Amino acid sequence: SQTIHQWPATLVQPVGSPLSLECTVEGTSNPNLYWYRQAAGRGLQLLFYSVGIGQISSEVPQNLSASRPQDRQFILSSKKLLLSDSGFYLCAWDRNTEAFFGQGTRLTVV
Amino acid sequence: DAKTTQPTSMDCAEGRAANLPCNHSTISGNEYVYWYRQIHSQGPQYIIHGLKNNETNEMASLIITEDRKSSTLILPHATLRDTAVYYCIVRPHNAGNMLTFGGGTRLMVKP
């Protein structure tokens with residue numbers, strides 16, 4: 001069966017520090033991979049979308065970047081975090097039908 | 001994804017059926033209707049999807065109008081654990097179509 005792993009569950013980082021969130025998928029091949037962010041009390045904002053290794057679409061200009069070094073690995077990064085980067089970050093995968101989400105990382109930038 | 005319109009919030013009494021509407025008047029012939037829900041502080045969870053016919057699974061039923069311009073998600077016996085934000089999305093199955101979410105309906109199931 002397919003599973004998606006996302007870590008860490010919570011993270012507190014100072015302003016100006018780097019960020020690396022990792023997401024891995026098991027049990028499927030060539031998935032579409034997504035990073036979303038959800039600010040407190042707000043909706044899901046699509047940040048990055050990937051249809052294959054090295055193929056990244058950015059939906060919102062921002063302080064973040066994404067990479068897909070392997071078929072089932074998706075990494076969200078920042079060189080210098082801003083206060084506005086705080087939020088709930090979710091990784092997801094699909095194969096053009098139903099999508100499956102990780103449990104999320106709650107990032108607080110202080 | 002084509003646009004969908006959902007009420008911002010709804011209440012439902014515990015044990016009663018929750019009927020969540022969604023309008024998707026510009027849906028294309030190859031687009032499916034999907035429903036997800038997001039319980040507080042968790043990732044969204046897939047519920048059900050359909051193209052033209054009504055669908056039922058262990059979680060819910062999906063009723064799609066004949067003209068496909070609207071649909072209703074039915075939770076037959078709502079429980080307190082069904083309190084969540086419910087998202088209706090229309091999306092084709094061919095490659096290259098990103099999954100994006102609108103505002104959804106915040107369903108509050110009350111004792």
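Predicted model, so just to flag it, every value in this text is computed and none were measured. Each chain gets a letter, A, B and so on, in the order its sequence line appears, and its residues count up from 1.
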Engaged part of [X] at the chain B interface, taking heavy atoms whose separation is under 4.5 Å:
X	answer
A:Gln38	side chain
A:Tyr36	side chain
A:Arg106	side chain

Among the listed options B:Gly102, B:Gly43, B:Pro44, B:Gly103, the residue most often paired with chain A at heavy-atom distances under 4.5 Å: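 Going by pairs under 4.5 Å, I would pick B:Pro44.
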
Do any of residues 32-42 of chain B come closer than 4.5 Å to chain A, heavy atom to heavy atom, and if so which ones, in number order?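 The stretch touches chain A at B:Tyr34, B:Tyr36, B:Gln38, B:Ser41, B:Gln42.
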
Residues in residues 64-79 of chain B that sit under 4.5 Å from chain A, counting heavy atoms only: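 Near chain A, by residue number: none.
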
Tell me the closest heavy-atom pair linking B:Tyr46 and A:Glu98, and the distance in Å.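 Looks like CD1-CB, 3.3 Å.
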
Atom of A:Asn96, atom of B:Arg91 and distance for their closest heavy-atom approach: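 The answer is C-NH1, 4.2 Å.
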
Answer with side chain, backbone, both or neither: which region of B:His49 has an atom nearer than 4.5 Å to a non-hydrogen atom of chain A?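 The side chain, not the backbone.
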
Say whether [X] and [Y] are linked into one hydrophobic cluster, either directly or through other cluster members, by side-chain heavy-atom distances under 4.5 angstrom.
X	Y	result
A:Leu21	A:Val25	yes
A:Tyr89	A:Leu81	yes
A:Leu76	A:Trp93	yes
A:Phe48	A:Phe101	no
A:Leu11	A:Leu47	yes

Spacing of B:Asn97 atom CG and A:Tyr49 atom OH [to the nearest 0.5 Å]: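 With rounding to 0.5 Å, CG (B:Asn97) is 6.5 Å from OH (A:Tyr49).
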
Below 4.5 Å, heavy-atom pairs only: which of A:Leu44, A:Leu90, A:Leu46 has the largest tally toward chain B?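 Result: the option with the highest number of such pairs is A:Leu44.
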
